[in-house]
Amino acid sequence: MNRWRTWVGLLLTAVMLFPVYWMVNVSLTRDQDMRKSPPHVFPVDPTFDGYRAVFDQQLPYLGTSLLVALGTVALTVLLAAPAGYSLAKLRPRGGGVLSFAFLVAQMIPGIIMAMGFYAIYLNLGVLNSWPGLILADSTIAVPFAVLVFTTFMAGIPEELLQAAKTDGAGPLRTFTAIVLPVSRNAIVTVALFAFLWAWSDFVFASTLDGGGDLRPITLGIYQYIGNNNQEWNAIMATAVVASIPATVLLVAAQRFVAAGVTAGAVKD
């Protein structure tokens, strides 16, 4: 029975990972072999022309995506961690309503928010800028991050905070010296999801930064498809390279994420 389940699990995993494999396969396929029927299951006479095109043309887009993603992570953690601590431990008046508002905020379609940001940025003159894109991406990440921090920090023992208070630490000192260090799993979880959201964002990027000099990799891929719709190996090579940072982060942070997203699910 266990062996049967293992084979089923391996089969389902193979099915889910096949698009990733095919992306790599096409990225190594020569242009003249691209439309063969049936297609090559393995790259025959592989070429790295697509990857050379990535490093010649797409590196600025990758740099912009990295800048925007890291900026989104920093702003999200900076805003969400104190908010989560306040809702979990300081219990301000109206905290329940605020938590519900954060939950509702996650249900608003991104395109609606993008249109609102467009009108605001147009009046402020900050369209086609990476700081504006960081702020917009953070509005998606912050509500989720606040809920994660609130759930995690609610599980911190009150005795720990009382001990800090007895030693003369105020709320700010307790937050920075006690709460943040023990909230490592939540911080990693929030940082990872914020990075992935900003890295893969297309709606905000195309609406708010479509004509700037610093455009993220999602727009780089989109424009590359429009300009070079026959060079699929270069398109797929760009997708492969763009997937590497997210894959590395997911693998490196998976145990922290598992602990962070389940925090507070079980009470002693």
Side-chain angles (χ1 to χ4, degrees), residues 65-108 113 130-131 133-201 245-268:
S65 285
L66 184 61
L67 175 64
V68 172
L70 293 178
T72 301
V73 169
L75 184 58
T76 299
V77 174
L78 182 64
L79 295 177
Y85 171 62
S86 176
L87 292 173
K89 293 301 183 181
L90 302 183
R91 298 179 179 86
R93 181 178 300 177
V97 175
L98 186 59
S99 297
F100 181 74
F102 282 125
L103 184 62
V104 172
Q106 298 182 79
M107 304 177 187
I108 302 175
M113 299 179 64
W130 59 264
L133 198 53
I134 289 175
L135 179 61
D137 286 335
S138 297
T139 61
I140 299 294
V142 166
F144 170 80
V146 171
L147 296 178
V148 171
F149 277 125
T150 301
T151 302
F152 188 94
M153 293 176 180
I156 297 176
E158 290 291 341
E159 294 81 4
L160 191 62
L161 304 183
Q162 288 297 329
K165 186 176 181 180
T166 302
D167 290 339
L172 180 59
R173 176 67 175 172
T174 301
F175 172 70
T176 56
I178 304 297
V179 175
L180 282 183
V182 301
S183 301
R184 179 185 61 178
N185 291 338
I187 293 174
V188 172
T189 301
V190 165
L192 178 62
F193 278 92
F195 184 94
L196 294 178
W197 274 323
W199 183 265
S200 61
D201 168 64
T247 303
V248 171
L249 286 175
L250 282 171
V251 172
Q254 58 181 340
R255 71 183 178 91
F256 298 103
V257 173
V261 297
T262 57
V266 178
K267 297 295 184 181
D268 294 332

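Residue numbers count from 1 along this sequence.
Smallest separation of non-hydrogen atoms from V142 and A80: O-CB, 4.3 Å. When all heavy atoms are compared, the tightest approach of A69 to A198 is CA-CB, 3.7 Å. Taking every heavy atom of both residues into account, F152 and V182 meet most closely at CE2-O, 3.2 Å.
Going from atom CG of L79 over to atom OG1 of T139 covers 11.0 Å, rounded to the nearest 0.5 Å. Separation of atoms CG (D137) and CG (L75) is listed at 10.0 Å; rounding is to 0.5 Å. Taking CG from L249 and CZ from F193, the interatomic distance works out to 12.0 Å, rounded to the nearest 0.5 Å.
Within the 4.5 Å cutoff, the side chain of L90 has heavy atoms near those of the Y85 side chain. At a threshold of 4.5 Å between non-hydrogen side-chain atoms, the residues I140 and T72 do not count as touching.
Take A88 and apply the side-chain contact (heavy atoms from CB on, under 4.5 Å) test, not counting sequence neighbours, and it matches T150, M153, A154. Residues passing the ring pair (Phe, Tyr, Trp, His ring centres under 6.0 Å) test with F195 are W199, sequence neighbours excluded. For P82, the side-chain contact (heavy atoms from CB on, under 4.5 Å) test picks out F175, with sequence neighbours left out. Listed by chain and number, the residues in a side-chain contact (heavy atoms from CB on, under 4.5 Å) with S99 are L87 (sequence neighbours excluded).
Using the six-membered ring where Trp is involved, W197 and F144 have ring planes that are perpendicular, over 60° apart on the 30 and 60° scheme.
Within the structure, salt bridge (Lys or Arg N to Asp or Glu O under 4.0 Å) pairs that include any residue of residues 182-197 do not occur (at least two apart or interchain).
Here the side chain of T76 pairs no donor or acceptor atom with the backbone of V73 at under 3.5 angstrom.
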Which side-chain N or O atoms in residues 156-164 pair as donor and acceptor under 3.5 Å with protein atoms at least two apart or in another chain?
{"residue": "E158", "atom": "OE2", "partner": "K89", "partner atom": "NZ", "Å": "3.1"}

